[in-house]
Amino acid sequence: MTMNYPSLCLVTAVDIEYNAAVRLLADPAPGDEGGVRLCRGTRGARRVTVLKAGMGARGFAPRLAAHLDANPCDALLVAGLAGGLVPELAAGQVVLYDRCRDVRGSIARELEPGRDEIASIVEDDSFLKIVQALLQTAGLAVKRRAGITVGEIVVSAEKKLQLGVLHRAAAADMETFDIWAVCRDRKLPFAALRVISDEAGQDLPDFNRAYDREGRVIPHRMATAMAARPAVTARFLLNLRPVMQTFRRALQVVLDA
């Protein structure tokens, strides 16, 4: 299958995702435009721009809007890791969001007026269907599920399961909703590709302490958070390598189409 989108914008959150994407590009040209770290390159005949939103994408939406206005593209893919909210999703499972809900704030908060569920960012979900078909043809197991955007990393297994039930969602991340909203305003084809990094029944170290307000990792805080829960950290790190292998494979399949 050929994906008829000659220019693609790929949005990632943190270094591990951004670097994995950039390594897939030919002739990478890194830069910083309007406060956004990015890298332009090609994959075959396709022009690709990788953007780094930062953990939580704080302040990223207006910068993304300005970037897209100055640098039009044919479609946008947000790609990265996500926490599982339902027991049936194992670490390494590829999830494509078919809708995303903003639940930042209290676990029990309902949507504020004007903060709608997004079933599709454009009038049809043709780009999403193409991405799904590409991944499945390549032999990757893909689930289409609802996702939520949260205000912090969900580190408790109990809270993950509560969120999954409360919002009828399968995965949680910190960036997708606002990026979708920017794309929707521009009628830009959009898809969200997430790979489950931690399962619903799995506690995490308190990684929230390891990032500053701009979503940048603080190394000594990361080390402290991981050292505080050695068994939990070991399980997370054991899963991370195969998770990232799946993430890179999924990106390669999409970019090569």
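Side-chain contact between Asp173 and Tyr97 is present, with at least one heavy-atom pair separated by less than 4.5 Å. Side-chain atoms of Val254 and Ile130, non-hydrogen and from C-beta on, never get closer than 4.5 Å to each other. Taking 4.5 Å as the limit, every side-chain heavy atom of Leu76 sits out of range of all side-chain heavy atoms of Leu10. Looking at Leu25 and Cys39, their side chains come closer than 4.5 Å, going by heavy atoms from C-beta outward. By the 4.5 Å heavy-atom criterion applied to side chains, Val94 and Thr246 are counted as neighbours. Looking at heavy atoms from C-beta onward, Asn208 lies in side-chain contact with Val155 at the 4.5 angstrom threshold.
What you find for Ala171 and Ala82 is that their closest heavy atoms are CB-CB, 4.2 Å. Ala192 and Thr176 get closest at one heavy-atom pair: CB-CG2, 3.9 Å. Minimum interatomic distance between His167 and Arg101 (heavy atoms only, all atoms of both residues): ND1-NH1, 3.5 Å. Heavy-atom minimum distance, Tyr5 versus Ala75: CD2-CB, 3.7 Å. Looking at every heavy atom in both residues, Ala169 comes nearest to Val86 through O-CG1, 3.6 Å. The two residues Gly80 and Phe247 make their nearest non-hydrogen contact at N-CE1, 3.4 Å.
Val232 and Val154 are members of different hydrophobic clusters when ILVMFWY side chains are connected at heavy-atom separations under 4.5 Å. Connection of Val243 to Leu237 is established within a shared hydrophobic cluster, with ILVMFWY side chains joined at heavy-atom distances below 4.5 Å, either directly or through further cluster members.
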Would you please test Asp206 and Arg221 for salt bridge (charged side-chain N to carboxylate O under 4.0 Å, His left out) and show each step? CA-CA 10 Å; Asp206 191 359; Arg221 291 188 188 176; over 6 Å; no
Between Arg104 and Asp178, does a salt bridge (charged side-chain N to carboxylate O under 4.0 Å, His left out) hold up when you go through it step by step? CA-CA 11 Å; Arg104 284 169 288 193; Asp178 287 344; 2.9 Å; yes
Using the rule given for ring-ring contact (aromatic ring centres under 6.0 Å, His included), can you reason through Phe207 versus Phe236, listing the C-alpha separation, both sets of side-chain angles and the distance that settles it, and then say yes or no? CA-CA 11 Å; Phe207 289 136; Phe236 175 78; 5.2 Å; yes
Going through the checks in order, is the side-chain contact (heavy atoms from CB on, under 4.5 Å) test met by Asn71 and Thr49? CA-CA 10 Å; Asn71 304 273; Thr49 301; over 6 Å; no
Would you sort out whether Leu188 and Cys73 count as a side-chain contact (heavy atoms from CB on, under 4.5 Å), showing the intermediate values? CA-CA 8 Å; Leu188 179 66; Cys73 63; 4.0 Å; yes
Determine whether Asp102 and Thr149 satisfy the following criterion, side chain to side chain donor-acceptor pair (under 3.5 Å), listing intermediate values before the conclusion. CA-CA 5 Å; Asp102 179 10; Thr149 292; 6.0 Å; no
Starting from the C-alpha separation in whole Å, work towards a yes-or-no answer on salt bridge (charged side-chain N to carboxylate O under 4.0 Å, His left out) for Arg209 and Glu152. CA-CA 10 Å; Arg209 298 178 179 271; Glu152 63 180 16; over 6 Å; no
CA sep, side-chain torsions, deciding dist, call: Lys52, Val36, side-chain contact (heavy atoms from CB on, under 4.5 Å): CA-CA 7 Å; Lys52 181 171 177 269; Val36 177; over 6 Å; no
Please walk me through it: do Leu51 and Phe60 pass side-chain contact (heavy atoms from CB on, under 4.5 Å)? CA-CA 10 Å; Leu51 306 181; Phe60 179 70; 4.1 Å; yes
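Under a 4.0 Å N-O distance rule, the pair Glu33/Arg40 qualifies as a salt bridge. Between Arg46 and Asp256 no salt bridge is recorded (no basic side-chain N to carboxylate O distance below 4.0 Å). Ion pair Lys159/Asp203 not flagged as a salt bridge, since none of the NZ, NE, NH1 or NH2 atoms sits closer than 4.0 Å to an Asp/Glu carboxylate oxygen. With respect to the salt-bridge test (charged N to carboxylate O, under 4.0 angstrom), the residues Lys160 and Asp198 qualify.
Between the side chain of Ser197 and the main chain of Gly92, no donor-acceptor pair closer than 3.5 Å is present. Judged by distance alone, the side chain of Gln252 and the main-chain N or O of Arg249 form no donor-acceptor pair under 3.5 Å. Side-chain atoms of Glu199 never come within 3.5 Å of backbone atoms of Ala90 as a donor-acceptor pair (strictly under, hydrogens ignored). With hydrogens and angles ignored, the 3.5 Å screen pairs a side-chain donor or acceptor of Tyr18 with a backbone N or O of Leu38. Judged by distance alone, with hydrogens and angles left aside, the side-chain atoms of Lys143 form no donor-acceptor pair with the main-chain N or O of Leu89 at under 3.5 Å. Between the side chain of Ser7 and the backbone N or O of Asp74 there is at least one donor-acceptor pair closer than 3.5 Å. Checking side-chain atoms of Asp125 against main-chain N and O of Leu128 turns up no donor-acceptor pair under 3.5 Å. A donor-acceptor distance shorter than 3.5 angstrom exists from the side chain of Gln93 to the backbone of Ala141, with no hydrogens or angles considered. A donor-acceptor pair under 3.5 Å is formed between the side chain of Glu17 and the backbone N or O of Leu81.
Atoms CG and CG, from Leu161 and Leu85 in turn, are 8.0 Å apart once rounded to the nearest 0.5 Å. For the atom pair CG of Leu204 and CE of Met226, the computed distance is 10.5 Å after rounding to the nearest 0.5 Å. The structure places CG of Asp98 at 8.5 Å from CZ of Arg145, a figure rounded to the nearest 0.5 Å. Interatomic distance, CG of Asn19 versus CZ of Arg248, reported as 10.5 Å (0.5 Å rounding). One distance of note links OG1 of Thr42 with CG of Leu24; it measures 11.5 Å at 0.5 Å rounding. Distance NZ/Lys129 to CZ/Arg144: 7.0 Å, rounded to 0.5 Å.
In Asp27, the CG atom is not crowded: 12 or fewer heavy atoms of neighbouring residues, nucleotides or ligands sit closer than 6.0 Å. Counted within 6.0 Å of CD on Gln245, heavy atoms from surrounding residues, nucleotides or ligands total more than 12; the atom is thus considered enclosed. Atom CZ of Arg168 has 12 or fewer heavy atoms from other residues, nucleotides or ligands within 6.0 Å. Within a 6.0 Å radius of CG in Asn4, no more than 12 heavy atoms belonging to other residues, nucleotides or ligands are found.
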